Visitor: 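Shown below is the structure under consideration.
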Amino acid sequence: MDLRLYDTLTKQKQPFRPLDPSNVRMYVCGPTVYDYAHIGNARPAIVFDVLFRLLRHIYGAEHVTYVRNITDIDDKINARALELRGDRDLDVLEVVRELTERTYAVYQEDVAALGNLPPTFMPRATEHVPQMIAMIRSLIDAGLAYAAEGHVLFEVAKKADYGKLSRRPLDEMIAGARVDVAPYKRSAMDFVLWKPSDANTPGWDSPWGRGRPGWHLECSSMIEATMGETIDIHGGGIDLVFPHHENEIAQSEGAHHGHSLARFWMHNGFLNVEGEKMSKSIGNFVTIHELLADWPGDVLRFNMLRAHYRQPMDWTLAGMKESWDTLARWYDVAEPVTATRIGDGFLSALSDDLNTPQAIAELHKASPEELAGGLSLLGFNPISERLASKKSVDTVEISRAIEARNAARKAKDFKESDRIRDELLAQGIQLKDGPDGTTWEIKR
RNA sequence: GGCCACGUGGCGGAGUGGUGACGCAGCGGUCUGCAAAACCGUUUACCCCGGUUCAAUUCCGGGCGUGGCCUCCA
């Protein structure tokens, strides 16, 4: 089965051939740990987890390395820590540490609840500062970076193909630059590799004074540290194309004699909520954490996979409901299956640039064995209990009511039996009479 | 303003130069005391205007519309 993936750099679907089939390497930009992750953040986590699983299926589980980083050095974190401290007598650096630890822990729980496998490595920026300093040195040595006033900047003009990923000619970007140009910059587009820290900001000693790395640097550095100079796939949200990934390319290629950073660049589309862009001011900011409080993670995951990863997607409550219904029906069919298999149509859909909607369509036509196999490959464990509502219900009470109703039905006291049924329905319990007796489910 | 996506039936959502994916909803039926669930069957589509072609929803050009990036952002 030929895997084809869309590459942002060439803007084409290309056949995927790993550099080394015994070690397929993929890196995905992870979260900045300063606040709960929102459902937009869940999309790349889920999409690239599916890709991870597909690669493991094709090349063998032990032959795929998946790295997703944790950004725990960032000015948003620092700003939040200052807010949290307020005027209390606390060490801000300590608040930063607590904030990142706590947020990191919640993130790990949340993505696991979404059915994602743990990546092979989850490196953190704070653990790679020496490597970052070393990379800055290489860039200075290569004549691509310069130090000025405690900063080190990447000199974009020195890299002839800068802008190749986002397809932005350099002169146009400078003309359109809206930022105030810092006096120490040689050009408006030059970006920061290192910047000074004050007493209230985490900092590390370096040849350019106590400071901290610029955001883009950590990914370049951690890719090098965990997987080497050139990897097979680099993924992330489409909004990261510029400037983040563009700058990663500049840094990594600059520090590695022009050797390319990634052979495939993959970007997932944006997510809207009920037709609107998610934003705190509109009040439609939905976090993974709060969603998991009343929806099974499987439902959130399935909902995400109903749209192709590159398409913009609209997250809606109606869609969640539909996802739940489909999954519930499928789990009933797949749960008793013991010998699973992967259908050809299903696999070729997935192999066509991760066409999950097509793959799902194939599952609708599949045998129970293929359905179970497909669900499993997509990261679902078809165990009906996993779909149980997070709402607490008194199952003993429900069983008793069902017995009472069936007794009434037997006695042909339909007025009473319907009364019980309606009463349960009012509580959100939907009864289902089947040939093997009565079951129930939570009505959403 | 620059760059880039996208526009498919009531809804979600693939795909293709020529026999109207798939799911949900709707409708008809089986089942049921009646419903629900389940199962079987089934109606509805390709933004507008040109062009290429024997043939365009699919390719090309233009228009309109929506969204993204250009500043932190998945």
Side-chain angles (χ1 to χ4, degrees), chain A residues 8 11 28-32 34-35 37-48 68 71 74-77 79 163 166-169 171-180 189 191 215 235-244 246 267-272 275-279 288 302-316 318-326 328-330 332-333 345 349 352 355-366 408-415 417-418 421-422 424-425 429-436 438-441 443:
Chain A
T8 307
K11 303 183 79 165
V28 173
C29 289
T32 301
Y34 73 108
D35 201 351
H38 53 71
I39 51 176
N41 297 304
R43 195 171 189 189
I46 293 169
V47 161
F48 290 107
R68 187 179 61 211
T71 299
D74 184 273
D75 286 348
K76 289 194 294 292
I77 297 174
S166 51
R167 286 161 197 267
R168 287 157 211 260
D171 47 351
E172 270 180 30
M173 278 193 279
I174 293 170
R178 283 193 253 153
V179 263
D180 289 336
M189 292 313 297
F191 61 89
W215 171 44
I238 191 151
D239 54 322
L240 294 180
V241 172
F242 188 89
H244 186 52
E246 195 70 63
H267 294 97
N268 64 272
F270 241 63
L271 184 133
N272 279 52
E276 282 188 290
K277 180 172 176 162
M278 188 163 43
S279 86
I288 302 173
F302 186 73
N303 191 245
M304 209 64 91
L305 298 178
R306 293 199 311 154
H308 183 86
Y309 78 92
R310 280 192 282 122
Q311 292 301 115
M313 107 166 262
D314 191 20
W315 184 93
T316 63
M320 288 288 282
K321 169 89 177 77
E322 199 177 320
S323 297
W324 201 29
D325 287 343
T326 303
R329 208 172 318 123
W330 278 358
D332 282 345
V333 175
D352 180 16
N355 192 337
T356 52
Q358 180 68 51
I360 287 168
E362 295 292 334
L363 292 184
H364 278 294
K365 308 179 221 166
R409 287 171 73 199
K410 208 165 180 183
K412 301 220 186 294
D413 183 357
F414 299 122
K415 202 176 163 192
S417 68
D418 288 355
R421 181 171 70 196
D422 292 345
L424 286 172
L425 190 57
I429 309 297
Q430 175 75 62
L431 296 186
K432 301 194 288 189
D433 294 327
D436 303 322
T438 303
T439 58
W440 58 273
E441 68 178 19
K443 186 105 180 150

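In what follows, every chain begins at residue 1, and chains take the letters A, B, ... in the order their sequences are listed. Quantities reported herein were computed from a predicted structural model and do not represent experimental measurements.
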Visitor: With sequence neighbours excluded, tell me which residues meet side-chain hydrogen bond (donor to acceptor under 3.5 Å, both in side chains) with A/N355.
Guide: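 Checked A/N355 against side-chain hydrogen bond (donor to acceptor under 3.5 Å, both in side chains); zero matches.
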Visitor: Can you tell if the side chain of A/Q358 reaches within under 4.5 Å of the side chain of A/H308, non-hydrogen atoms only?
Guide: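 No; the side chains remain at least 4.5 Å from each other.
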Visitor: RNA chain B: A/V333 or A/D239, which has the more 5' nearest nucleotide?
Guide: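 Nearest nucleotide further toward 5': that of A/V333.
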Visitor: Among the candidates B/rA74, B/rG68, B/rA14, find the nucleotide nearest to the side-chain atoms of A/N41.
Guide: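 Looking only at side-chain atoms, A/N41 lies closest to B/rA74.
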Visitor: In whole angstrom, give the distance that lies between atom CH2 of A/W215 and atom C1' of B/rC72.
Guide: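 After rounding, the gap between these two atoms is 8 Å.
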Visitor: When rounded to the nearest Å, what value does the distance between P atoms of B/rU66 and B/rC59 take?
Guide: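 Comparing P positions in B/rU66 and B/rC59 gives a spacing of 23 Å.
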Visitor: So, using salt bridge (charged side-chain N to carboxylate O under 4.0 Å, His left out) as the criterion, who are the partners of A/D332 when residues are at least two apart?
Guide: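 Listed in chain order: nothing, the list is empty.
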Visitor: Which nucleotide in the set B/rC22, B/rG68, B/rA14 lies at the smallest distance from any side-chain heavy atom of A/H364?
Guide: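 Selected nucleotide (nearest to the side chain): B/rC22.
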Visitor: Would you measure the distance from the C1' atom in B/rC47 across to the matching atom in B/rA56 and give it in whole Å?
Guide: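 Their C1' atoms lie roughly 15 Å apart.
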Visitor: Holding to salt bridge (charged side-chain N to carboxylate O under 4.0 Å, His left out), I want the full list of residues that pass it with A/R43, two or more places apart in sequence or in another chain.
Guide: none
Visitor: Would you measure the distance from the C1' atom in B/rA35 across to the matching atom in B/rU42 and give it in whole Å?
Guide: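 The same atom, C1', in both gives a distance of 23 Å.
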Visitor: Starting at the 5' end of RNA chain B and moving along, which residue's nearest nucleotide shows up first, A/G237 or A/R306?
Guide: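 The residue whose closest nucleotide sits nearer the 5' end is A/R306.
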Visitor: Can you tell me, in whole Å, how much space there is between the P of B/rC3 and that of B/rG17?
Guide: 29 Å
Visitor: A/N355 side chain N/O closer than 4.0 Å to the phosphate oxygens (OP1, OP2) of B/rG15?
Guide: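 For B/rG15, OP1 or OP2 has a side-chain N or O of A/N355 closer than 4.0 Å.
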Visitor: Please report the distance separating the C1' of B/rC72 from the corresponding atom of B/rU57, rounded so that it comes out in whole Å.
Guide: 40 Å
Visitor: Does A/D433 have any salt bridge (charged side-chain N to carboxylate O under 4.0 Å, His left out) partners at least two apart in sequence or in another chain, and if so, which?
Guide: A/R405, A/R409
Visitor: So what does the secondary structure string of RNA chain B come out as, 5' to 3', with Watson-Crick or wobble pairs under 3.5 angstrom, [ ] for crossing and | for pairs with another strand?
Guide: (((((((..(((.....[...))).(((((.......)))))....(((((..]....))))))))))))....
Visitor: Output all residues satisfying ring pair (Phe, Tyr, Trp, His ring centres under 6.0 Å) with A/F270, sequence neighbours left out; order by chain, then residue number.
Guide: none
Visitor: Run the salt bridge (charged side-chain N to carboxylate O under 4.0 Å, His left out) test against A/R68 and tell me which residues pass, sequence neighbours left out.
Guide: none
Visitor: Polar pairs (N or O, both sides) under 3.5 Å between protein and nucleotides 34-37 of chain B?
Guide:
residue: B/rC34; atom: O2; partner: A/R421; partner atom: NH2; Å: 3.0
residue: B/rC34; atom: N3; partner: A/R421; partner atom: NH1; Å: 2.9
residue: B/rC34; atom: N3; partner: A/R421; partner atom: NH2; Å: 3.4
residue: B/rC34; atom: N4; partner: A/R421; partner atom: NH1; Å: 3.3
residue: B/rA35; atom: N6; partner: A/D433; partner atom: OD2; Å: 2.5
residue: B/rA35; atom: N1; partner: A/R421; partner atom: NH1; Å: 3.4
residue: B/rA35; atom: N1; partner: A/D433; partner atom: OD2; Å: 3.3
residue: B/rA35; atom: N3; partner: A/R421; partner atom: NH1; Å: 2.8
residue: B/rA36; atom: O2'; partner: A/Q430; partner atom: NE2; Å: 2.8
residue: B/rA36; atom: N1; partner: A/D433; partner atom: N; Å: 3.2
residue: B/rA36; atom: N1; partner: A/D433; partner atom: O; Å: 2.9

Visitor: With the side chain of A/H38 defined as its heavy atoms from C-beta on, choose the nearest nucleotide among B/rG23, B/rA74, B/rG68.
Guide: B/rA74
Visitor: Please identify each residue that fulfils ring pair (Phe, Tyr, Trp, His ring centres under 6.0 Å) with A/W315, with sequence neighbours left out.
Guide: none
Visitor: Charged N to carboxylate O under 4.0 angstrom, A/D325 versus A/R329?
Guide: no
Visitor: Say you pick atom C1' in B/rU43 and the same atom in B/rG26; how far apart are they, in whole Å?
Guide: 9 Å
Visitor: On a whole-Å scale, what distance lies between the P atoms belonging to B/rU44 and B/rG9?
Guide: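 Those two atoms are separated by 14 Å.
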Visitor: Does A/N303 reach the main-chain N or O of A/S323 with its side chain, forming a donor-acceptor pair under 3.5 Å?
Guide: no
Visitor: Can you check nucleotides 5-8 of chain B for protein contacts, nitrogen or oxygen pairs under 3.5 Å, and list what you find?
Guide:
residue: B/rA5; atom: OP1; partner: A/K11; partner atom: NZ; Å: 3.3

Visitor: Under the 5.5 Å and 30° test, is A/F270 stacked on the base of B/rA74?
Guide: yes
Visitor: Kindly write out the residues that satisfy side-chain contact (heavy atoms from CB on, under 4.5 Å) with A/P312, not counting sequence neighbours, or none if the list is empty.
Guide: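 Per chain and number, A/P312 pairs via side-chain contact (heavy atoms from CB on, under 4.5 Å) with no residue.
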Visitor: Tell me every residue that passes side-chain hydrogen bond (donor to acceptor under 3.5 Å, both in side chains) with A/T8, counting only those two or more places apart in sequence or in another chain.
Guide: A/H267
